[in-house]
There are 2 protein chains.
Amino acid sequence: MSPVPRYRQLAAILRKAIEVGECPPGSRLPSEKTLTQTYGVARETASKAMDALAADALAVMVPGVGWHVPPEVTGES
Amino acid sequence: MSPVPRYRQLAAILRKAIEVGECPPGSRLPSEKTLTQTYGVARETASKAMDALAADALAVMVPGVGWHVPPEVTGES
DNA sequence: AGTAATTTGTTCGTATGTATC
DNA sequence: AGATACATACGAACAAATTAC
């Protein structure tokens, strides 16, 4: 009994992958279907994980395309 | 509840059609849209059925074209 | 060159049933 | 009783690749 829900665990894995640089800014993230196959989770779980990342502005969704890492937001002028 | 999911039932039907020779190697398989109309299932169900066939190497997908029966793989040298 | 049609990829929303914590 | 989670299944919308005209 893990106190941490699976969708949060999956979100943590993806967050790590983004921060480490495996998924550079602007790149596409794995589709929810791929996540279900790769991590053996239900679509619901994969979707909630992505929502968690989106809440932290680590992922954005483009209709008909999929999830992406948002482009670098440089605060420089 | 039926012990066998609809997408597996549909996969079995298509598998039979291929093995019987109704869909010879290299030929196109019915589109997912056609399957939904012919068998009264959702597109997701048709898609999962095709994925099941693909897992058995009985079908391959070409983007923008559709599903095909893979060309004859002759084990002859 | 450009538009439309076809087909699949991808996601979202919703729903039911089952099971576990 | 509620939250989490998986499996199944329907409907809908938008995007991308291919093909036909």
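In what follows, chains carry the letters A, B, and so on, assigned in the order in which the sequence lines appear, proteins first and then strands, with residues in each chain numbered from 1.
Atoms CG (Leu29(B)) and P (dT7(C)) sit 13 Å apart, rounded to a whole Å. Per the geometry, CD belonging to Gln37(B) stands 12 Å off P belonging to dG11(D), to the nearest Å. Protein atom NZ of Lys33(B) is 15 Å distant from nucleotide atom C1' of dG11(D), rounded to whole Å. The nearest whole Å value for the distance from the OH atom in Tyr39(B) to the P atom in dA9(D) is 16 Å. What separates CD of Glu32(B) from P of dA12(D) is a distance of 17 Å, to the nearest Å. Atom P of nucleotide dC10(D) and atom CZ of Arg43(A) are separated by 13 Å, given to the nearest angstrom. Distance, Leu35(A) CG to dG9(C) P: 16 Å, rounded to whole Å. Rounding to whole angstrom units, CZ of residue Arg6(B) and P of dG17(C) are separated by 15 Å.
Considering only the side chain of Ala42(B), dC10(D) comes nearest among dG9(C), dC12(C), dC10(D).
Note that the SG atom of Cys23(A) and the NE2 atom of His68(A) stand 11.5 Å from one another [nearest 0.5 Å]. Separating the NZ atom in Lys48(B) from the CZ atom in Arg43(B) is a distance of 14.5 Å, to the nearest 0.5 Å. Distance CG/Leu14(A) to CG/Leu35(A): 6.0 Å, rounded to 0.5 Å. Rounding to the nearest 0.5 Å places OG1 of Thr45(B) at 13.5 Å from OH of Tyr39(B).
Across all strands, Arg28(B) comes closer than 4.0 Å only to sugar-phosphate atoms, never to a base (heavy-atom distances). When heavy atoms are screened at a 4.0 angstrom cut-off, Glu44(A) is found touching base atoms of the nucleic acid.
Qualifying salt bridge (charged side-chain N to carboxylate O under 4.0 Å, His left out) partners for Glu32(A), counting only residues two or more places apart in sequence or in other chains: none.
Contact between the side-chain N/O atoms of Ser47(A) and the OP1/OP2 oxygens of dT11(C) is not found at any separation under 4.0 Å. In this model, the phosphate group of dT8(D) is approached by a side-chain N or O of Lys48(B) to a distance below 4.0 Å at OP1 or OP2. The side chain of Tyr7(B) contributes no N or O atom lying less than 4.0 Å from OP1 or OP2 of dA9(D).
Contact check of residues 56-68 of chain B against DNA chain D (heavy atom, cut-off under 4.0 Å) returns Pro63(B), Gly64(B), Val65(B).
The environment of Arg8(A) atom CZ is sparse: at most 12 non-hydrogen atoms of other residues, nucleotides or ligands sit within 6.0 angstrom.
Under the 3.5 Å distance criterion, the side-chain polar atoms of Thr38(A) are matched with a main-chain donor or acceptor of Thr34(A).
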